[in-house]
Amino acid sequence: MNKRVGLFGGTFDPVHRAHVALAHAALRGLQLDEVRWVPTGHSWQKHHRAASAEHRAAMVRLAMGDEPRFVLSRIEIDRAGPSYTLDTVRALHAAEPGHEWVLIIGQDQYARLHTWRDWPVLLSLVTLAVANRPGTDLAPSPEVLAHPHRAVPLPMLDISATDIRARLAAGQDISQLVPPEVARYIETHGLYQALATREPTPPGS
Ligand code: ATP
């Protein structure tokens, strides 16, 4: 059966409530059959990454909850080298022909889309869907704006992984910003604490 599948990529370092809200809003608002969560392996744009791919994937799995239409994809984690979305989309097209792939991004990524590798080719292979995000003053480039996109009906949610990492490093509470299971995981594994205090424990320990 041909499906309409949302592709939701990110560093998810850590996954937070806005990610979960965005995935649900896309599922409902865009009538998707599935949302495929795709944690990056090596992000070519973000070098701050603080938790391992295995920890980030484990947290995404917890955040997905019991929604059967959420699926975790290891395609970028298991691929060597930098994570380019175009490589991922090409691989998915080849492995699962016939689906409509809906690339879900927030406004900040939309404003940077013209910097993504071969973005016009990428946009020829997917339906683009963009969600509101506060704090993004940058406008997308005119060339990107010329391409059609769908809007994901998401209220403004002022949450970022950067802020969560900073709060954790400062010993502050993050319980309102991530799902409870993710908060517990972060605590159990000692993730994102000030580097001097404690080494993170491996996943599954
Ligand atoms: P960081 O602060 O480390 O840059 P982040 O909070 O932006 O991380 P990512 O994992 O980079 O999280 O985001 C994955 C996707 O989710 C991106 O397309 C991003 O635009 C979107 N996204 C993240 N947070 C929000 C938010 N608060 N509102 C809307 N979209 C969001």
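When a ligand or atom number is given, it counts from 1 through the structure's own listing order. A quick note: this is a predicted structure, and the numbers were derived from the prediction, not measured.
In this structure, Leu154 counts as a contact residue of ligand 1, since one of its heavy atoms falls inside 4.0 Å of the ligand. At a 4.0 Å cut-off, not a single heavy atom of Val15 sits close enough to ligand 1 to count as contact. Residue contacts with ligand 1: Met156 is excluded, as none of its non-hydrogen atoms falls under 4.0 Å. Using 4.0 Å as the threshold, Asp13 has no heavy atom nearer than that to any atom of ligand 1. Residue-ligand proximity: Phe8 is placed with a non-hydrogen atom under 4.0 Å from ligand 1.
In the hydrophobic clustering of this structure, Val182 does not group with Ile77; members are Ile, Leu, Val, Met, Phe, Trp, Tyr whose side-chain heavy atoms approach within less than 4.5 Å, directly or through other members. Placement of Val71 and Leu22 in two distinct hydrophobic clusters is found when ILVMFWY residues are connected by side-chain heavy-atom separations under 4.5 Å, directly or transitively.
Of the heavy atoms in Thr162, both backbone and side-chain atoms come closer than 4.0 Å to ligand 1. Heavy atoms from both the backbone and the side chain of Ala161 come within less than 4.0 Å of ligand 1. With a 4.0 Å heavy-atom cut-off, ligand 1 is reached by no atom of Asp158.
Checked by distance only, ligand 1 and Phe12 come closer than 3.5 Å through their nitrogen or oxygen atoms. Inclusion of Ile105 in the set of residues having an N or O under 3.5 Å from an N or O of ligand 1 is not warranted.
Put simply, the side chain of Leu191 reaches to within 4.5 Å of the side chain of Met59, judged on heavy atoms. Between Gln107 and Pro140, some side-chain heavy-atom pair lies under the 4.5 Å cut-off. Contact of the Leu157 side chain with the Arg17 side chain is not registered, since no non-hydrogen atoms from C-beta on lie closer than 4.5 Å.
Closest heavy-atom approach to atom 14 (C) of ligand 1 among the candidates Gly9, Ala166, Gly106: Gly9. The option from Arg112, Arg165, Arg133 that lies nearest to atom 31 (C) of ligand 1, judged by heavy atoms, is Arg133.
Counting the atoms of ligand 1 from 1 in the order shown, those under 4.0 Å from a heavy atom of Gly10 are 10 (O), 14 (C). Below 4.0 Å from some heavy atom of Thr11 lie the following atoms of ligand 1, by number and element: 9 (P), 10 (O), 11 (O). Close contacts of ligand 1 with Asp108, meaning ligand atoms under 4.0 Å from a residue heavy atom, involve 19 (C), 20 (O). Counting atoms of ligand 1 from 1 in the listed order, those under 4.0 Å from a heavy atom of Gln109 are 17 (C), 18 (O), 20 (O). Numbered from 1 in the order shown, with element, the atoms of ligand 1 that lie under 4.0 Å from a heavy atom of Asn132 read 28 (N), 29 (C).
Between Arg61 and Glu181 there is no salt bridge, since no side-chain nitrogen of the basic residue lies less than 4.0 Å from a carboxylate oxygen of the acidic one. A salt bridge does not link Asp108 to Arg112: none of the charged nitrogens lies less than 4.0 Å from a carboxylate oxygen.
With respect to Glu34, the salt bridge (Lys or Arg N to Asp or Glu O under 4.0 Å) criterion is satisfied by exactly one of Arg69, Lys3, Arg4: Lys3.
Side-chain contact of Ser52 with Glu54: a donor-acceptor pair under 3.5 Å is absent, judged by distance alone. In this structure, a donor-acceptor pair under 3.5 Å is present between the side chains of Arg79 and Thr88.
His19 and His16 have parallel rings, their planes meeting at less than 30° on a 0 to 90° scale where 60° marks the start of perpendicular.
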